[in-house]
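Take a look at the structure below.
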Number of protein chains: 2
Amino acid sequence: MDENLALRDQVCFALYSASRAVTGVYRPLLDELGLTYPQFLVLLALWERDGRTVSEIGTALRLDSGTLSPLLKRLEGAGLVDRRRAAADERQVTVHLTDAGSDLRERARTVPARVAEAAGLTTDQLRELRDVLTTLTDNLKG
Amino acid sequence: MDENLALRDQVCFALYSASRAVTGVYRPLLDELGLTYPQFLVLLALWERDGRTVSEIGTALRLDSGTLSPLLKRLEGAGLVDRRRAAADERQVTVHLTDAGSDLRERARTVPARVAEAAGLTTDQLRELRDVLTTLTDNLKG
DNA sequence: CCCAATTAAGTTGTGCACAATCTAATCGGC
DNA sequence: GCCGATTAGATTGTGCACAACTTAATTGGG
């Protein structure tokens with residue numbers, strides 16, 4: 001069959017569609033925390049290591065300052081982080097969790113498990129999926 | 001380990017990141033055709049079956065009218081489709097490829113193969129990935 | 001037959017993504 | 001120690017996504 005453009009055969013569409021579906025499952029759960037999905041990812045990065053610069057967060061999440069600057073401003077407006085010019089290098093801005101931002105971690109702890117349950121895949125399938133996706137991303141952006 | 005919030009362990013992040021990486025590989029290729037990635041998906045749907053209504057396209061792509069209406073208006077502005085109120089039911093709008101829109105299919109034919117090559121996965125791995133993602137999406141969205 | 005409920009598409013408002021550009025701080029070569 | 005090049009972050013502009021709402025056409029129960 002010379003047809004290589006069938007929509008349902010495209011890996012790109014499966015990926016795009018699955019990504020939006022997963023975000024859609026997160027949305028009502030994160031809504032309870034007053035977060036969007038990308039904001040949640042930024043907090044995951046900060047809960048792992050606080051006080052990162054904007055570009056360190058960008059490297060971890062593969063997002064640029066055009067996306068992060070306004071997002072961080074909204075997190076600051078929500079009282080979850082604050083931003084300070086680094087003393088050593090005034091070009092850099094370090095992002096620090098506030099007490100409210102740190103405390104949110106407890107409330108967020110159950111979120112991934114609730115999403116994993118809705119996914120209907122086994123833990124093994126999820127790990128394998130994650131590894132293939134990570135390989136794919138590394139091949140493309142590496 | 002009681003930590004279940006590490007960024008690199010999250011399937012959601014792997015998915016989100018891979019989806020953006022794939023879109024990023026498509027971008028320069030689609031740029032040559034004057035298309036964005038979602039516009040390309042709409043054209044894939046129309047190349048498969050022309051004259052669909054807005055909501056049929058929305059079902060195929062899992063997108064709502066809030067996304068599709070302005071997107072279709074831009075495709076119409078680019079001269080690739082036209083939109084007509086259905087005679088049988090004036091609420092519906094059917095979307096039809098113009099000659100330019102049909103012709104673009106030839107130029108787009110090689111795009112998926114070029115992306116697949118950049119992905120660095122075997123055809124089998126890609127098919128398996130696609131199937132897991134489709135299962136995941138179906139589980140989440142029903 | 002009529003009208004309340006439903007349906008299709010469009011509009012509005014918010015928040016990403018990302019390219020392109022801008023400003024300010026720092027670095028490196030001389 | 002100066003100045004061109006680089007780097008960090010912010011800004012601007014375009015185009016998705018999606019919730020909430022609006023408008024207009026259709027349907028179905030009484």
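Chain identifiers are assigned alphabetically (A, B, ...) following the order of the sequence lines, protein sequences preceding nucleic acid strands; residue numbering begins at 1 within each chain. Everything numeric here is computed off the predicted structure, so don't read it as measured data.
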Residue pairs involving residues 34-48 of chain B (criterion salt bridge (charged side-chain N to carboxylate O under 4.0 Å, His left out); sequence neighbours excluded):
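Passing the test, one end in residues 34-48 of chain B: A:Arg8-B:Glu48.
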Under the salt bridge (charged side-chain N to carboxylate O under 4.0 Å, His left out) rule, what pairs show up with a residue in residues 119-128 of chain B, not counting sequence neighbours?
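Pairs touching residues 119-128 of chain B that pass the test: B:Asp124-B:Arg127.
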Spacing of CG belonging to A:Leu46 relative to OG belonging to A:Ser102, to within rounding of 0.5 Å
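If I round to the nearest 0.5 Å, the distance is 9.0 Å.
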Only counting residues at least two apart or in another chain, list the ones meeting salt bridge (charged side-chain N to carboxylate O under 4.0 Å, His left out) with [X].
X: A:Glu117; result: none
X: A:Arg74; result: none
X: A:Arg83; result: A:Glu76

Going 5' to 3' along DNA chain C, which are the first and last nucleotides with any atom under 4.0 Å from a heavy atom of chain B?
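The protein-touched segment is C:dT7 to C:dA19.
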List in numerical order all residues of residues 74-82 of chain B for which some heavy atom is under 4.0 Å away from an atom belonging to DNA chain D.
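Only B:Arg74 qualify.
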With a non-hydrogen cut-off below 4.0 angstrom, is B:Ala88 in contact with a base, only sugar-phosphate, or nothing?
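Touches sugar-phosphate only.
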List the atom pairs, with distances to 0.1 Å, where a side-chain N or O of residues 27-37 of chain A and a protein N or O form a donor-acceptor pair under 3.5 Å, not counting sequence neighbours.
| from | atom 1 | to | atom 2 | distance (Å) |
| --- | --- | --- | --- | --- |
| A:Thr36 | OG1 | A:Gln39 | N | 3.3 |
| A:Tyr37 | OH | B:Cys12 | O | 3.0 |

Most 5' of A:Thr36 and A:Ala87 on DNA chain C, judged by nearest nucleotide:
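With A:Thr36 and A:Ala87 compared, the 5'-side residue is A:Thr36.
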Counterpart residues, side chain to side chain contact (heavy atoms under 4.5 Å, CB included), relative to B:Arg49 (two or more places apart):
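Result, side chain to side chain contact (heavy atoms under 4.5 Å, CB included) vs B:Arg49: B:Arg52, B:Glu56.
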Which residues share a side chain to side chain contact (heavy atoms under 4.5 Å, CB included) with A:Thr123, sequence neighbours left out
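None.
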Would you be so kind as to tabulate the donor-acceptor pairs closer than 3.5 Å made by side chains of residues 92-100 of chain B, with sequence neighbours excluded?
| from | atom 1 | to | atom 2 | distance (Å) |
| --- | --- | --- | --- | --- |
| B:Thr94 | OG1 | B:Arg84 | O | 3.2 |
| B:Thr94 | OG1 | B:His96 | NE2 | 3.0 |
| B:His96 | NE2 | B:Arg84 | NH1 | 3.3 |
| B:Thr98 | OG1 | B:Gly79 | O | 2.6 |
| B:Thr98 | OG1 | B:Leu80 | O | 3.1 |
| B:Thr98 | OG1 | B:Ala100 | N | 3.4 |
| B:Thr98 | OG1 | B:Gly101 | N | 3.1 |

I need a per-nucleotide contact map over nucleotides 2-12 of chain D, read 5' to 3'. Cutoff is protein heavy atoms under 4.0 Å; write B for the base, S for backbone only, - otherwise.
-----BSSBB-
